[in-house]
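All values below were derived from every heavy atom in this structure, side-chain atoms included, with hydrogens, water molecules and symmetry-related copies excluded.
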Amino acid sequence: MGCTTILVGKNASYDGSTMMARTDDAPDGQFDPVEVEVLDPAKLPRIYKSVQTKCEIKLPATGLRCTYVPRSDKRPEGIWGEAGINEASVAMTATETITTNAAVLGADPFVEYQPAHGSVKAVPGGIGEEDYVNLILPYIKTAREGVVRMGKLLEQYGTYESNGVGFADEKEIWWVETLGGHHWIARRVPDDTYCIIANQLSLDYFDLKDAYGAQKNFMCSADLVDWMKANHLVPAVGAEDTHGDVLPARKSGKAGKAALYKGIPAVFNPRKNFGSDTWRDRVYNTPRVWYGMSLLNPSNDYFSDIPEYPAQCPDLPWCRTPESRIHIEDIRTVMASHYQNTPFDPYGSQGDQNSRRLYRPVGINRTSFCGLLQVRGNAKGAAKDILWVAMGSVPFGTFVPVFTNVGKVPAYLKTPMDIDTHTLYWQVRIVAGLADPEYYKNIDAINNFSQEMIAEGLRHIATIDAQKTVSQADLEAANEAFCKKAHAGMQSILAGALFKRSMLMLNRFDMSDH
């Protein structure tokens, strides 16, 4: 699977909120319909059972209500919670599939399910994307608690895949990346920065002294240093050097030597030490980060013959300070992007057929949904947390704001397995299929509609914020009202796309009968 994540610190966002957004992209050749649901803590099992790996985990006796986005297909392959916000105003997005290298996997293999064979009993595997949200989000009250709980689960049960996971509350955002089967690292997003992650181990700076000390900005698995030493994973002195825009000051010891922690460099670049660097990264992963950065930091040189930041640069910084505060519409622009105004745009006129198919876009056909999780520290009361949800291929839809402190969600956000035009997911899927062949005949109407819906959503939120008291019922009614507007707007877009496509059918004949 491929996904793209953007994390926005509270001082980099337009309103002081923390924001995390991620496209959840299905594998090639299939749809994975999703829906918005409320997870009732009273219905949580005491023993969680993974469908994929048969792993069983005892859960805490009590949990928190969550509004989240699981699959909608009766869960034959598991719940796959993907993203959500709980009633303690903690957001979680899981997961960004990432890559490590052979040295890491040789030192700490994945914990994979081993089916029964003859007289040999089956051996449960570890946990992964199917499980994380349901195992963690109902049981945490801060973003840091999310990191700690995930870390303990990884160390005890292991994982069968490499992933990145984000946690946010109103104060901070943390990003966790797994290393092999049981190890992990995490970094706090600097408040005045954003991060774009695209299917690679992305962290480019790590401070072991902080991770094993105050944990102000870094955390890691308890035995990380010993594991690195035992498995020849110690970085070279000077490996902390990167091209990042936002880096802590380099720490030095006596006689100008780099500082050490337990005999190894205290500061190093995890991306170079634990990550991958292959041709696949250059065409599938890195260019998405590059193009997103060009939208949020446009004054840098990305497009000259010798650019400051090339499209295939392996050293793109993990976090950057944006040139302007990042808004909801900016995030939609990044998540719907496909290298517009470059030779790499599959819909463009620049370049040639080879260049237009060279790089994998962010806004791809097989996106199941994009969830933008917004925790508004400046808002008070029940309305502070919002899930902005875009279903299907993001370039052909829009974000719909959903207050998450509710007991139920509108039917418009439920997705039946049978195709219909009454739900957001299938509306966008149909629009995308109709509009894609005649992209430029449709895209202005779609983009204008998206802008109108985001603007309407902001007014909708402001109306709720202006009320002296807001109940759960008020938020549920507000969600219903906005979904009705979104449904009507999407129906209009669908009708327009259908008409344009119908007028271009091969069996048309331009002479009228009357």
Side-chain angles (χ1 to χ4, degrees), residues 2-9 12-14 18-25 93 96-99 164 166 168 173 175 177 189-190 192-204 242-246 271 275 281-303 307-348 358-364 367 369-374 388 390 393-395 399 447 450 454:
C3 305
T4 308
T5 297
I6 180 168
L7 314 171
V8 182
S13 71
Y14 71 100
T18 58
M19 296 191 292
M20 302 191 299
R22 181 176 62 87
T23 59
D24 173 44
D25 302 331
T93 179
E96 180 77 27
T97 304
I98 62 173
T99 53
I173 302 174
W175 182 249
E177 294 185 329
V189 177
D192 61 346
T193 72
Y194 71 91
C195 310
I196 301 176
I197 301 114
N199 296 134
Q200 283 181 279
L201 193 146
S202 63
L203 292 173
D204 61 0
T242 88
H243 298 288
D245 287 353
V246 184
R271 189 188 303 169
D281 294 320
R282 297 287 189 273
V283 300
Y284 195 84
N285 301 328
T286 307
R288 283 179 276 157
V289 180
W290 164 80
Y291 190 74
M293 284 172 43
S294 77
L295 297 172
L296 300 177
N297 286 86
S299 66
N300 291 112
D301 175 16
Y302 303 90
F303 305 109
E308 180 182 1
Y309 290 110
Q312 298 188 20
C313 177
D315 296 315
L316 295 173
W318 180 69
C319 56
R320 298 198 68 184
T321 301
E323 293 178 20
S324 302
R325 288 181 176 267
I326 297 173
H327 210 287
I328 304 297
E329 190 172 9
D330 298 320
I331 293 178
R332 194 262 175 183
T333 298
V334 173
M335 294 312 205
S337 67
H338 42 83
Y339 307 110
Q340 293 95 315
N341 300 316
T342 77
F344 314 119
D345 183 359
Y347 298 108
L358 181 60
Y359 296 146
R360 190 268 208 205
V362 176
I364 202 168
T367 297
F369 83 103
C370 179
L372 195 174
L373 306 163
Q374 183 180 22
W388 295 79
S393 184
V394 182
F399 278 126
N447 283 337
S450 177
I454 292 173

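Salt-bridge annotation for Arg360 and Asp25: present, with a side-chain N of the basic residue lying under 4.0 Å from a carboxylate O of the acidic one.
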Chi angles and distances behind the side-chain contact (heavy atoms from CB on, under 4.5 Å) call for Glu96, Asn199: CA-CA 6 Å; Glu96 180 77 27; Asn199 296 134; 3.2 Å; yes
Test side-chain contact (heavy atoms from CB on, under 4.5 Å) applied to Tyr194 and Met293, step by step: CA-CA 9 Å; Tyr194 71 91; Met293 284 172 43; 3.6 Å; yes
Tyr291 and Val362: CA distance, side-chain angles, deciding distance, side-chain contact (heavy atoms from CB on, under 4.5 Å) verdict: CA-CA 9 Å; Tyr291 190 74; Val362 176; over 6 Å; no
Audit row: Tyr302, Asn297, side-chain contact (heavy atoms from CB on, under 4.5 Å) steps and yes/no: CA-CA 10 Å; Tyr302 303 90; Asn297 286 86; 3.5 Å; yes
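At distances below 3.5 Å, at least one donor-acceptor pair connects side-chain atoms of Arg288 with backbone N or O atoms of Tyr284. A distance-only check finds a donor-acceptor pair linking the side chain of Glu323 to the backbone of Ser299 [under 3.5 Å]. Glu177 places a side-chain N or O within donor-acceptor distance of the main-chain N or O of Ser202, the cut-off being under 3.5 Å. One N or O on the side chain of Trp290 and one on the backbone of Tyr309 form a donor-acceptor pair closer than 3.5 Å. Put simply, the side chain of Thr18 never gets that close to the backbone of Gly9: no donor and acceptor are under 3.5 Å apart.
Rounding to the nearest 0.5 Å gives a distance of 8.0 Å between CZ of Arg271 and CG of Leu203. Taken to the nearest 0.5 Å, the CG atom of Asp24 stands 10.0 Å off from the OG1 atom of Thr5. Atoms CD1 and CG, from Ile326 and Leu296 in turn, are 4.5 Å apart once rounded to the nearest 0.5 Å. Put simply, CG on Leu373 and CG on Leu7 are 10.5 Å apart, with the number rounded to the nearest 0.5 Å. Note that OG1 of Thr23 is 9.0 Å distant from CZ of Phe369, once rounded to the nearest 0.5 Å. In this structure, CE in Met19 is found 5.0 Å from CD1 in Ile328, a value given to the nearest 0.5 Å.
Between Cys195 and Trp175 the shortest side-chain heavy-atom distance does not fall below 4.5 Å. Between Thr367 and Met335, the closest side-chain pair of non-hydrogen atoms is not below 4.5 Å. Counting only heavy atoms from C-beta outward, the side chains of Arg320 and Asn300 approach each other to under 4.5 Å. Residues Phe303 and Glu308 have side chains not in contact (no heavy-atom distance under 4.5 Å, counting atoms from C-beta outward). Residues Trp388 and Arg332 are not in side-chain contact: their nearest non-hydrogen atoms beyond the backbone lie 4.5 Å or more apart. A heavy-atom distance below 4.5 Å is found between the side chains of Phe399 and Cys370.
Side-chain contact, Tyr347 with Gln340: no donor N or O sits under 3.5 Å from an acceptor N or O.
For the pair Ala311 and Thr286, the tightest heavy-atom approach, listed with the atom from each and the gap, is O-CG2, 3.6 Å. Taking every heavy atom of both residues into account, His338 and Ala336 meet most closely at CD2-O, 3.4 Å. Here the closest heavy-atom approach between residue Pro395 and residue Asn447 is recorded as O-OD1, 4.5 Å. Pairing each heavy atom of Arg325 with each of Asp330, the nearest pair is O-OD2, 3.7 Å. For the pair Cys313 and Leu316, the tightest heavy-atom approach, listed with the atom from each and the gap, is O-CG, 3.5 Å. Of all heavy-atom pairs spanning Pro361 and Ser337, the tightest one is CB-O, 3.8 Å.
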